[in-house]
There are 2 protein chains.
Amino acid sequence: MNPPPNGAPDRRPGGRTARIRAQVLDAVRAELGEHGYEGLTMEAVAARAGVHRTTVYRRWQDVGGLLADVLDAAGEDDWAPPDTGSLRGDLTALNGEIHDSLVVRPSIPQALVAASFRSARAADAQQRLWEDRYQRCEAIVERAVERGELPPDTAARPLLIAATAPLYHQLVLLRTAPDPHLAAQAATTAALAATAGAFARPAPGDGP
Amino acid sequence: MNPPPNGAPDRRPGGRTARIRAQVLDAVRAELGEHGYEGLTMEAVAARAGVHRTTVYRRWQDVGGLLADVLDAAGEDDWAPPDTGSLRGDLTALNGEIHDSLVVRPSIPQALVAASFRSARAADAQQRLWEDRYQRCEAIVERAVERGELPPDTAARPLLIAATAPLYHQLVLLRTAPDPHLAAQAATTAALAATAGAFARPAPGDGP
DNA sequence: CCACTAGTGCGACAACTGTTGCTTTAAGAT
DNA sequence: ATCTTAAAGCAACAGTTGTCGCACTAGTGG
């Protein structure tokens with residue numbers, strides 16, 4: 001295809017290439033913070049990064065490419081899900097984090113979601129990031145199973161989705177006013193359903 | 001502000017104005033169906049509608065205005081939530097409808113969601129449509145309460161959100177592969193939590 | 001039937017977006 | 001130090017998007 005879009009410091013990891021990438025990505029985040037996704041243009045990013053337009057076009061192609069790179073960089077952190085000692089506590093804390101990240105204006109996650117609708121590459125990067133996050137969150141369910149809070153055959157992913165989806169739905173899709181106890185409400189509901197065995201896997205004999 | 005964008009046949013409800021509005025909205029839906037939201041341009045809509053570009057710009061301003069008008073038109077139907085005789089059945093049928101509308105390619109609802117991120121006016125229209133839909137769906141909860149399936153102080157909206165949010169989350173935001181029994185799974189979970197009283201309103205004494 | 005005018009068609013234009021060929025800079029190797 | 005070449009700068013260009021003034025068409029009212 002074409003050369004890797006995300007910096008690809010394979011051939012020349014030298015200072016300039018990396019420096020310019022950092023400048024540009026910083027500029028993207030700053031622009032996103034100031035004008036939101038709507039106001040994010042290649043022109044403005046290049047100007048703020050102190051880099052020529054052509055450079056940005058050549059390395060990232062379009063706005064979606066820029067966002068994809070930002071998303072990939074976001075997945076390289078060491079974030080870990082909260083560990084409060086109980087399933088309900090973990091889910092509530094997790095939802096609190098999600099809630100806060102979605103209500104600050106302007107919200108970077110919101111902008112990234114918006115971008116994923118305009119660019120296939122941003123959508124792919126977004127999907128990778130979601131997958132990574134939910135994967136890490138499965139630890140919450142594993143710990144709950146170890147503590148005996150949940151039956152051992154509980155499917156982690158649907159449970160996590162049930163807990164977090166209402167937040168995204170209300171704040172991203174429906175755009176209702178931020179409800180202070182929405183996070184706890186959704187977490188509690190999911191925990192309750194899980195304890196009742198709502199997420200037990202259908203086929204128990206899935207061993208080796 | 002400015003003259004009403006959605007046709008506004010106040011002053012001259014004559015045949016041509018209405019005819020052109022219909023042509024343009026049809027063209028929007030057709031373009032949306034063929035090229036998705038990405039490929040929706042004012043130029044193409046005008047051409048397909050057999051109308052001059054300037055006319056479309058003047059009456060709808062931008063793509064968001066077009067979508068907003070389509071959304072408003074969509075809310076004028078006589079849709080009613082399914083009535084199967086049980087809460088779980090109703091929610092499952094409802095989720096089935098949502099599921100189907102989101103997995104067909106290209107999906108109009110998906111495109112409208114995407115549009116709502118680009119245009120404030122489309123976002124407003126989208127919000128009106130969601131509100132209308134969830135309002136109508138509250139009948140599901142009311143019937144369940146009347147049947148004695150749910151406690152009388154059950155909050156309808158959070159319950160409906162809990163039931164439907166996982167679908168939107170997976171199919172619109174996460175874009176995972178369509179899961180055939182995802183609709184039933186989410187509906188069942190929500191129904192179970194509701195029966196357990198997870199959506200009981202906190203303050204019982206809110207009467208006159 | 002005729003006059004009025006909201007709404008549409010038309011063409012020209014400015015602004016913006018993205019591309020291309022070439023030159024210049026600087027990282028990495030000899 | 002100097003050579004090589006990947007990557008950035010630069011300027012000119014084509015295509016697209018949105019705007020404006022004016023002419024004209026066709027509902028609306030007398």
Side-chain angles (χ1 to χ4, degrees), chain A residues 1-28 31 35-69 115 118-122, chain B residues 1-28 31 35-69 115 118-122:
Chain A
M1 309 300 173
N2 41 15
N6 50 349
D10 300 324
R11 325 181 75 160
R12 192 171 276 207
R16 186 166 67 160
T17 299
R19 187 169 59 247
I20 286 195
R21 178 176 181 228
Q23 286 174 11
V24 170
L25 292 193
D26 282 347
V28 171
E31 283 291 315
H35 314 292
Y37 171 66
E38 281 306 297
L40 188 71
T41 85
M42 299 292 271
E43 182 82 36
V45 168
R48 181 187 281 258
V51 162
H52 203 267
R53 259 199 354 222
T54 327
T55 300
V56 182
Y57 276 114
R58 268 200 275 256
R59 276 182 64 176
W60 289 275
Q61 283 89 52
D62 55 9
V63 185
L66 282 173
L67 273 303
D69 206 3
R118 268 181 81 174
S119 154
R121 289 174 53 207
Chain B
M1 316 299 174
N2 41 17
N6 51 350
D10 300 323
R11 325 181 74 159
R12 192 171 275 208
R16 186 166 64 161
T17 299
R19 188 169 61 248
I20 285 195
R21 178 176 181 230
Q23 286 173 11
V24 170
L25 292 193
D26 282 347
V28 171
E31 284 290 316
H35 312 293
Y37 171 65
E38 280 307 298
L40 188 72
T41 85
M42 300 291 271
E43 180 84 37
V45 168
R48 182 188 282 259
V51 163
H52 203 266
R53 260 200 353 221
T54 329
T55 302
V56 183
Y57 277 113
R58 269 198 278 253
R59 276 183 61 178
W60 290 274
Q61 284 87 49
D62 55 10
V63 185
L66 282 172
L67 272 304
D69 207 3
R118 265 182 84 176
S119 154
R121 290 174 53 207

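The figures here come from the full heavy-atom set of this structure, side chains too, leaving out hydrogens, waters and symmetry mates.
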Can you tell which of [options] lies closest to the side chain of [X]?
X       : options               : result
A/His52 : C/dT20, C/dG11, D/dG9 : D/dG9
A/Arg59 : C/dT17, C/dG9, D/dA8  : D/dA8
A/Tyr57 : C/dT8, C/dG21, C/dT17 : C/dT17

Any N/O donor-acceptor pair, A/Thr41 side-chain to C/dC16 base, under 3.5 Å: no

Step-by-step salt bridge (charged side-chain N to carboxylate O under 4.0 Å, His left out) determination, A/Asp69 to A/Arg59: CA-CA 10 Å; A/Asp69 206 3; A/Arg59 276 182 64 176; over 6 Å; no

Nucleotide [N], atom [atom2] - distance to [atom1] of [X] in whole Å:
X       : N      : atom1 : atom2 : value
A/Ile20 : C/dT25 : CD1   : P     : 14 Å
A/Gln61 : C/dG18 : CD    : C1'   : 12 Å
A/Glu43 : C/dT19 : CD    : P     : 14 Å
A/Leu66 : C/dT17 : CG    : C1'   : 14 Å
B/Trp60 : D/dG18 : CH2   : C1'   : 17 Å
B/Met42 : C/dC16 : CE    : C1'   : 16 Å
B/Leu40 : D/dT17 : CG    : P     : 11 Å

[X] side chain near [N] phosphate (N/O to OP1/OP2, under 4.0 Å):
X       : N     : result
B/Arg53 : C/dG9 : no
B/Arg58 : C/dG7 : no
B/Thr55 : C/dG9 : yes

Min side-chain heavy-atom separation A/Arg121-A/Asp62 under 4.5 Å: yes

Flag side-chain contact, heavy atom, 4.5 Å: B/Val45 against B/Trp60: no

Rounded distance [0.5 Å steps], CD1 in A/Ile20 versus NE2 in A/His52: 12.0 Å

Single hit among A/Gln61, A/Met42, A/Glu43 for side chain to side chain contact (heavy atoms under 4.5 Å, CB included) with A/Val56: A/Met42

